[in-house]
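Please read the structure below before turning to the comments.
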Amino acid sequence: MSTKMKYAGVTNREKEEGLSPYTIAFRLRDLRTMFNFLASEELVKANPVENIKQPRFDNEDKETFSDDHVKRLLEAPNTGTFADLALEYHR
């Protein structure tokens, strides 16, 4: 089966950009797990992906709630549900 037929209708499959670091990390983790199992069962002599380093990710700063925002959220319970009424009762 040709690659074009196998992935017909799948968008972005043939881009030259490559895989994202997250995709590579997930696949590498899965391969490492599989080869660790195969090595433990003595079906392979060694794990060929053992020494491959995980890709680095750009750690973007994420916007978080301010202390004031959290305080206001906690002070405004939704009294429309039993769980929220119970929490309000126990304060």
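Here the structure is a predicted model, which means the values were calculated and not measured.
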Salt bridge (Lys or Arg N to Asp or Glu O under 4.0 Å): pairs with one or both residues in residues 64-74, sequence neighbours excluded: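 Found D68-R72.
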
Determine yes or no for a side-chain-to-main-chain donor-acceptor pair under 3.5 angstrom, with R32 supplying the side chain and N47 the backbone.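 Not at all, since once roles are kept as given, no pair shorter than 3.5 Å links the two residues.
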
Under the 3.5 angstrom rule, does the side chain of T23 hit a backbone N or O of L19 as a donor-acceptor pair? no

Nearest 0.5 Å, please: how far is CD1 in I24 from CG in L31?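 Interatomic distance, L31 CG to I24 CD1, rounded to 0.5 Å: 11.5 Å.
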
Please report the interatomic distance CZ(R56) to NZ(K53), rounded to the nearest 0.5 Å. 7.5 Å

Minimal heavy-atom distance between P21 and P55, with the atoms involved, is O-CG, 3.3 Å

Closest non-hydrogen atom pair between F65 and V70, with its separation: CB-CG2, 3.6 Å

Are F35 and F26 linked, directly or through other ILVMFWY residues, by side chains that come within less than 4.5 angstrom of each other? no

